[in-house]
Amino acid sequence: MPRIMLRRLAAFLALFALAPATTEAQTRATYPSLTKRPAESRDREAPAPKPVEAAPADPALTAEVAKLGQQADSGEAAFRQQIAQGRSTVSAASSAAPNSEAWVSAQMAISMLDSARYDSVAAMAGLDTLYISRQDSTDVARVTADLATIEPVRSRALAAVDAQNDALDALRKSLRQP
């Protein structure tokens, strides 16, 4: 019995002694190299875009954009003309109970201001429609020229409509809610 145990112990020790050599050889073979692969070494910079020369301005588009710009300016002028009156009416009703005469007058003043800016909002919608529809072209030079014509007027109209929205929101917030 002790002899069998001694053989088993010797076999176990021999196996234990040889195991690191085979494991080390297997380890080297199974793990990938940590060096850079060709895909990792490539240039990741996007190529510089080629400059696009804009086409000449479209006279029909220029006329339509100018007309919409005048409409936006007209709506802005009407709104600015009535804003002082609207602010004073709403200010007088700021502490009034909802559905009181002063509160109703303030609501009417806000509605009149909203109506006065109709031209600005309609012009903004027209400019947005033009802006989107003119982008639907395969001619990059034409798109660049059209957007360059529309964008300055559209930005000005958008700023006016945003300012009008802010003014109306401030007036609405100053009134008590029912």
Side-chain angles (χ1 to χ4, degrees), residues 39-178:
E40 296 170 328
S41 301
R42 70 171 193 233
D43 183 21
R44 296 192 181 270
E45 293 293 320
K50 296 177 184 173
V52 175
E53 194 170 316
D58 180 3
L61 177 66
T62 304
E64 188 174 0
V65 168
K67 179 182 155 203
L68 288 170
Q70 289 171 349
Q71 183 181 358
D73 292 343
S74 170
E76 173 67 8
F79 184 83
R80 291 291 156 214
Q81 184 179 1
Q82 294 182 16
I83 190 70
Q85 175 69 32
R87 282 188 178 134
S88 66
T89 303
V90 170
S91 177
S94 63
S95 61
N99 300 329
S100 67
E101 190 173 328
W103 188 85
V104 171
S105 294
Q107 290 293 339
M108 288 175 49
I110 290 173
S111 293
M112 287 172 50
L113 282 169
D114 207 14
S115 294
R117 74 189 197 113
Y118 173 79
D119 283 341
S120 296
V121 174
M124 185 68 224
L127 288 165
D128 278 345
T129 301
L130 277 176
Y131 190 80
I132 290 169
S133 68
R134 292 299 176 131
Q135 290 181 28
D136 191 24
S137 174
T138 57
D139 184 4
V140 178
R142 177 83 267 142
V143 170
T144 303
D146 291 349
L147 296 185
T149 301
I150 298 168
E151 184 57 34
V153 177
R154 182 178 172 268
S155 295
R156 191 179 76 235
L158 180 61
V161 169
D162 281 347
Q164 293 166 5
N165 287 339
D166 292 344
L168 287 172
D169 287 345
L171 292 175
R172 287 183 185 113
K173 286 180 184 175
S174 68
L175 292 177
R176 295 170 72 188
Q177 297 302 311

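All of these numbers come straight from a predicted model, not from anything done at the bench.
- Residues Thr149 and Asp58 have side chains not in contact (no heavy-atom distance under 4.5 Å, counting atoms from C-beta outward).
- For Ala167, the side chain to side chain contact (heavy atoms under 4.5 Å, CB included) partners are Phe79, Ile83, Arg87, not counting sequence neighbours.
- Once rounded to the nearest 0.5 Å, the distance linking CG of Leu158 with CG of Asp128 reads 7.5 Å.
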List the atom pairs, with distances to 0.1 Å, where a side-chain N or O of residues 90-97 and a protein N or O form a donor-acceptor pair under 3.5 Å, not counting sequence neighbours.
unit_1: Ser94; atom_1: OG; unit_2: Ser91; atom_2: O; d: 3.1

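- When every heavy atom of Ser120 is checked against every heavy atom of Gln164, the shortest pair comes out as OG-NE2, 3.3 Å.
- Here Thr144 contributes atom OG1 and Arg134 contributes atom CZ; the two are 13.0 Å apart, rounded to the nearest 0.5 Å.
- Listed for the Ser88 side chain is a donor-acceptor partner under 3.5 Å among the backbone atoms of Gln85.
- Tyr131 meets the side chain to side chain contact (heavy atoms under 4.5 Å, CB included) test with Gln135, Leu147, Ile150, Glu151, Arg154; sequence neighbours excluded.
- Side chain of Ser105 to backbone of Glu101: a donor-acceptor contact under 3.5 angstrom is found.
- Contact of the Arg156 side chain with the Val153 side chain is registered, since non-hydrogen atoms from C-beta on lie closer than 4.5 Å.
- Other residues, nucleotides and ligands place no more than 12 heavy atoms under 6.0 Å from the CG atom of Asp136.
- Note that the OG atom of Ser174 and the CD1 atom of Ile110 stand 6.5 Å from one another [nearest 0.5 Å].
- With values rounded to the nearest 0.5 angstrom, Leu68 atom CG is found 10.5 Å from Asp119 atom CG.
- Using a 4.5 Å heavy-atom threshold, the side chains of Asn165 and Val161 count as touching.
- At least one donor-acceptor pair under 3.5 Å links the side chain of Arg142 to the backbone N or O of Pro56.
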| query | Taking it one step at a time, do Asp139 and Val143 satisfy side chain to side chain contact (heavy atoms under 4.5 Å, CB included)? | reply | CA-CA 6 Å; Asp139 184 4; Val143 170; 5.8 Å; no

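- Between Ala72 and Ala157, the shortest heavy-atom contact is CB-CB, 3.9 Å.
- Contact detail for Thr62 and Ala57: the closest heavy-atom pair is OG1-CB, 4.0 Å.
- Across Asp114 and Arg172, no two heavy atoms sit closer than the pair OD2-NH2, 3.9 Å.
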